[in-house]
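For reference, the structure discussed in these notes is given below.
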Amino acid sequence: MTELTQQALNKAMMEAVEFIHAEGWDAPPTLFALVPTALLANEVGADFDPEFHDAAGDAAPLTLVVQDNLPDNLPAGSEELADYVARTVWPRAVEGAILAQEITFKDSASEDPSPRPARLFSGALREDGIEQTLLQLRPTEDELAAKGPFAEDDIELRGGPEVAPGLIAAIRYGLEQDPEEL
């Protein structure tokens with residue numbers, strides 16, 4: 001089985017960003033399970049061909065599995081959503097999870113500190129310390145007009161340590177629960 005590293009999570013995060021970006025703005029939260037691609041290939045058989053490959057042509061080590069069962073009454077950025085994620089107990093085959101949601105972000109370091117719509121992607125692996133949070137600001141109409149006809153396809157991400165620590169803790173808590181004990 002492939003060793004799961006920060007790079008494996010980073011690849012999965014970028015896949016989640018691309019998936020959500022293709023869905024467009026004003027979408028409800030999306031929760032992804034991260035399953036080892038090798039495990040899926042063994043379960044599905046020889047016909048399984050992962051969609052994403054790295055520069056060497058190797059399959060991505062983790063495959064996203066969209067969780068379609070999120071209740072409709074969980075607003076993005078809410079404590080209820082974080083609580084739901086924390087209570088989600090994953091089977092042992094799931095090595096991580098990513099939550100994508102739209103939030104309102106206020107950048108105090110910006111020249112214009114007014115709140116802006118943004119997407120927040122938070123993910124963690126079972127492996128201790130492997131986590132990532134990315135932020136994508138929604139472009140303004142002026143920014144889109146200035147960048148030209150393909151401006152919507154330009155994805156700018158921010159990230160860093162200690163971004164959304166409560167959400168990372170909620171994801172990690174769900175991953176740490178043993179489904180056999182429940």
Side-chain angles (χ1 to χ4, degrees), residues 1-25 27-70 76 81-82 85-86 88-103 105 118-139 150 152-177:
M1 185 171 275
T2 305
E3 180 181 343
L4 298 178
T5 62
Q6 184 68 51
Q7 184 178 12
L9 177 59
N10 293 350
K11 284 183 179 185
M13 293 287 287
M14 292 310 299
E15 184 179 338
V17 167
E18 292 290 333
F19 179 91
I20 296 298
H21 184 73
E23 297 290 311
W25 287 93
T30 303
L31 184 62
F32 300 93
L34 300 177
V35 179
T37 301
L39 177 66
L40 287 176
N42 288 340
E43 291 292 320
V44 175
D47 293 336
F48 180 75
D49 182 28
E51 184 178 340
F52 294 91
H53 296 81
D54 63 17
D58 297 328
L62 294 166
T63 297
L64 297 178
V65 180
V66 177
Q67 305 301 295
D68 293 329
N69 57 349
L70 253 68
L81 178 59
V85 170
T88 301
V89 178
W90 300 99
R92 280 282 169 225
V94 174
E95 290 293 339
I98 295 172
L99 177 66
Q101 61 180 317
E102 292 187 21
I103 62 167
F105 179 73
R119 289 183 180 131
L120 186 68
F121 299 88
S122 299
L125 298 182
R126 286 187 194 274
E127 189 67 33
D128 191 36
I130 299 179
E131 57 193 44
Q132 177 72 275
T133 298
L134 300 172
L135 180 80
Q136 176 191 13
L137 291 175
R138 185 173 189 166
F150 299 105
E152 281 286 340
D153 294 329
D154 186 19
I155 301 173
E156 294 180 27
L157 299 170
R158 299 178 183 186
E162 297 301 313
V163 176
L167 192 51
I168 291 291
I171 293 169
R172 191 163 298 291
Y173 183 81
L175 290 168
E176 292 170 352
Q177 303 310 304

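Residue numbers start at 1 and run along the sequence shown.
Contact between G123 and I168 at its shortest, heavy atoms only, is O-CD1, 3.5 Å. Here the closest heavy-atom approach between residue P36 and residue A93 is recorded as CD-O, 3.3 Å. Residues M13 and F121 approach most closely at CE-O, 3.3 Å, considering heavy atoms. Of all heavy-atom pairs between I171 and S122, the closest is CD1-O, 3.3 Å. Taking every heavy atom of both residues into account, E102 and G24 meet most closely at OE2-O, 4.1 Å. Taking all atoms of both residues into account, the shortest heavy-atom contact from A12 to L64 is O-CD2, 3.9 Å.
A search for side chain to side chain contact (heavy atoms under 4.5 Å, CB included) contacts involving Q7 returns T5, K11, not counting sequence neighbours. With sequence neighbours excluded, the residues that form a side chain to side chain contact (heavy atoms under 4.5 Å, CB included) with A118 are I103, F105, L135, L137. R126 meets the side chain to side chain donor-acceptor pair (under 3.5 Å) test with no other residue; sequence neighbours excluded. Residues satisfying the salt bridge (charged side-chain N to carboxylate O under 4.0 Å, His left out) criterion with R158, sequence neighbours excluded, are D107. With sequence neighbours excluded, the residues that form a side chain to side chain donor-acceptor pair (under 3.5 Å) with E131 are R172. Q132 is linked by a side chain to side chain donor-acceptor pair (under 3.5 Å) to N10, counting only residues two or more places apart in sequence or in another chain.
In this structure, CG on L9 lies 6.0 Å from CD1 on I98, to the nearest 0.5 angstrom. With values rounded to the nearest 0.5 angstrom, L70 atom CG is found 7.5 Å from T88 atom OG1. Atoms CG and CD, on L175 and E95 in that order, are 9.0 Å from each other to the nearest 0.5 Å.
The shortest distance between side-chain heavy atoms of L99 and L167 falls below 4.5 Å. The closest side-chain heavy-atom distance from F32 to I20 is below 4.5 Å. Residues V17 and R119 fail the side-chain proximity criterion, which asks for heavy atoms closer than 4.5 Å. Taking 4.5 Å as the limit, every side-chain heavy atom of L4 sits out of range of all side-chain heavy atoms of I130. Side-chain contact check for V65 versus V94: every heavy-atom pair is 4.5 Å or farther apart.
At distances below 3.5 Å, not a single donor-acceptor pair connects side-chain atoms of T30 with backbone N or O atoms of A100.
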Carefully, step by step, assess W90 and L34 under the rule side-chain contact (heavy atoms from CB on, under 4.5 Å). CA-CA 10 Å; W90 300 99; L34 300 177; over 6 Å; no
Where do I155 and E18 land on the side-chain contact (heavy atoms from CB on, under 4.5 Å) test, with the steps shown first? CA-CA 9 Å; I155 301 173; E18 292 290 333; 3.8 Å; yes
